[in-house]
Protein chains: 2
Amino acid sequence: MTAFTSKDVARLAGVSQSTVSYVMSGKRPISEETRRRVHDAIERLTYQPNAGARALASQRTNVVGLVVPFGPSADGAGLLPFIESIAFSARAQDYEVLLVTADEGSAGLRRLAGRSLCDGILMMDIQTEDERVPVAATLRTPVILIGVPAEPQGLHCVDMDFAQAARLAIGELADTGHDRVVILQHPTEVVQRDLNYVDRFLGPAVAVAADRRLPCRVTEPVERGRAGANRAVDQVLADRIPGERLGLVVPNANAVQPVLQALNARGVAPGRDLSVIGVCMDAWAENCEPPVTNVSGEARDVSRRAMQTLFWLLDPTPTGPPPVVDLLEPRLTRRESVMPIP
Amino acid sequence: MTAFTSKDVARLAGVSQSTVSYVMSGKRPISEETRRRVHDAIERLTYQPNAGARALASQRTNVVGLVVPFGPSADGAGLLPFIESIAFSARAQDYEVLLVTADEGSAGLRRLAGRSLCDGILMMDIQTEDERVPVAATLRTPVILIGVPAEPQGLHCVDMDFAQAARLAIGELADTGHDRVVILQHPTEVVQRDLNYVDRFLGPAVAVAADRRLPCRVTEPVERGRAGANRAVDQVLADRIPGERLGLVVPNANAVQPVLQALNARGVAPGRDLSVIGVCMDAWAENCEPPVTNVSGEARDVSRRAMQTLFWLLDPTPTGPPPVVDLLEPRLTRRESVMPIP
DNA sequence: TTGAAAGCGCTACCAC
DNA sequence: GTGGTAGCGCTTTCAA
């Protein structure tokens, strides 16, 4: 019992195979009568076109490749919203999503492109100097980076604007009369992997603090999980100068909750005894104790935009091209973790 | 600049196209000399076979479809280890992974099979009565269920053995001299969605408790997040009978941490004032405060096994077929959240 | 408005 | 051990 082909549809509808094809693609005018007959036949046979054959003939797979940072480094739940919203955007345009793990390095890219497994590629977790970027730049298949490497080599980049996020966070602490800021560094592994967003945030953050005459220190890397947060918080509390208004900035979304827990456990109340601003999704910030003032770049927005860019590259429309480096505005939401102006 | 084809390789190596094909597939003996020449040519051209053409000619896509429960119900971080290990298993066998979201329902299955997008399908988050299962059973494409519906219709099922997990958890509380057990129900949404593992755990749990003469109550659904856990814990503590040895069982992996936090926040120490046993991955259990005694079905083991089963179906080997319903043994690990025998 | 037919790049049969 | 060649099921010219 082998599947029906467009030939079967053609025979049943009493038309040629090419007519079936044109009815499906809409690439040439078809009489109402013919269209109906073909659609009927398609329905009766529950015909579906063979993807391989279509790809071979049309040079279009209708698949997007997605390179995800699994492997030793997979960074907790933050990944899911990305994958999820990419899957939805793809589906909305009749595309499938092919998953490739980042631990393959550029081999994955070469495979996707070389075998014509997909029409375009989305790549996450870009390193500042990323061996895959130069490779990606030479492929026939368009590649969109979610993140901004040192040298994008002409590739389209989409991400949250971390510089702006830094300005918002530090600015808020300056505006609310803080005396000093401590920024909790990402975990060692992230720092060592040279992930692009580390310095895109830290650089501007330090600069803005200097600008606003706010003493500002960056901690040692804060390791994942409860233990890392505890250690970092102990250190911060030990260094506190009596009476100062201290602001903590947590650029690592995964650290926000553990840090708040550590503070609570030590009887230090964010919003009363010191301030905390996190960089994380709103949903996480709201669910903290207390709800935390955050700068938010929603994963969904970033991946939706990345998909839009990719689709534009796949068929450019009259509307101008998307920006090559496309940074989305973050948003500061005030909640209860920042001390009010005295 | 269009990609090289096997014809180019053949010309460069001075052999026929079919020889190139046979060198790559190893499906017929090739002289050492020829093999070398072909491999050289492949290397020089960095030739990669076109996936569509190959699929069309061989009726094999070398792709596995993965149906993931994204959508409103996506249940936090628990999903990633599954996806991740499936991706690795696939890669190890030279397969790609195509992602389909569960919100498409059986349409996704029909598309994967009807268009020959993949050779086999893995489906997660099975409902006890799942509309997709009867559909899956009629496809030409083999489907493996991760989970066990009421009527598997001959489909292969792989999952943790929740009945055994229940026995382990309840048994441990009985053995350590508890007077009463409270089981924290999954969130409303999970219960209403009729997910198969809810009753596969609860039924046996209640039965074993009865067997051991352990009074046992199942709570109202405990909603996601801190708030849900707080409410549930308040209720449990309010119902406590002074002096009793109370055991809490938390079958919902995502609730384990919030529940422990809620207890801690109320000055109730698990392992001293009452006992907690969670059903969750070891990594999560270890990272709790205190480390929690758990029954663990590791996602990785389940998905690896599911992939093995799928690969067996794709090319059956002399070794017998895998069991149709394949339940993996869970493991109880004692940590610090269960009160020692008095 | 429609049909016939030439490929797309590969696999696998049949021949030598 | 190797080569020739007929498809796989679709899209897209070219012709009518």
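As the structure is a computational prediction, the values presented were derived from the model and not from experiment. Letters go in sequence order (proteins before strands), and every chain restarts at 1.
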Task: Contact state string [nucleotides 9-16 of chain D, B base, S sugar-phosphate only, - no protein heavy atom under 4.0 Å] - done: BBBBBB--

Open item on the list: To the nearest 10°, give me the bend of the helix from C:dT1-D:dA16 to C:dC16-D:dG1, comparing the axes of its five terminal pairs at either end.
Closed with: 40°

Open item on the list: What is the distance, to the nearest angstrom, from the CZ atom on B:Arg36 to the P atom on D:dT2?
Closed with: 13 Å

Open item on the list: Quick one: does any side-chain atom of A:Asp194 pair with a main-chain N or O of A:Glu129 as donor and acceptor, under 3.5 Å?
Closed with: yes

- [ ] Examine distances only and state if a side-chain atom of B:Asn62 and a backbone atom of B:Asp94 form a donor-acceptor pair shorter than 3.5 Å.
- [x] yes

- [ ] Please examine the side chains of B:Arg91 and A:Arg111, heavy atoms only from C-beta on, and report whether any two atoms are closer than 4.5 Å.
- [x] yes

- [ ] For atom CD of A:Glu131, decide whether the heavy atoms of other residues, nucleotides or ligands shown that lie under 6.0 angstrom number more than 12.
- [x] yes

TODO: Name all pairs fulfilling the ring pair (Phe, Tyr, Trp, His ring centres under 6.0 Å) condition that reach into residues 89-129 of chain A, sequence neighbours left out, sorted by first residue then second.
DONE: A:Tyr95-A:Phe311

Open item on the list: Please tell me whether B:Thr128 and B:Asn196 have a donor and an acceptor in their side chains that are separated by less than 3.5 angstrom.
Closed with: no

TODO: Report yes or no: do A:Ser21 and A:Ser18 form a side-chain donor-acceptor pair below 3.5 Å?
DONE: no

Open item on the list: Among A:Val143, A:Val63, A:Leu145, which residue satisfies the side chain to side chain contact (heavy atoms under 4.5 Å, CB included) criterion with A:Ile121?
Closed with: A:Val143

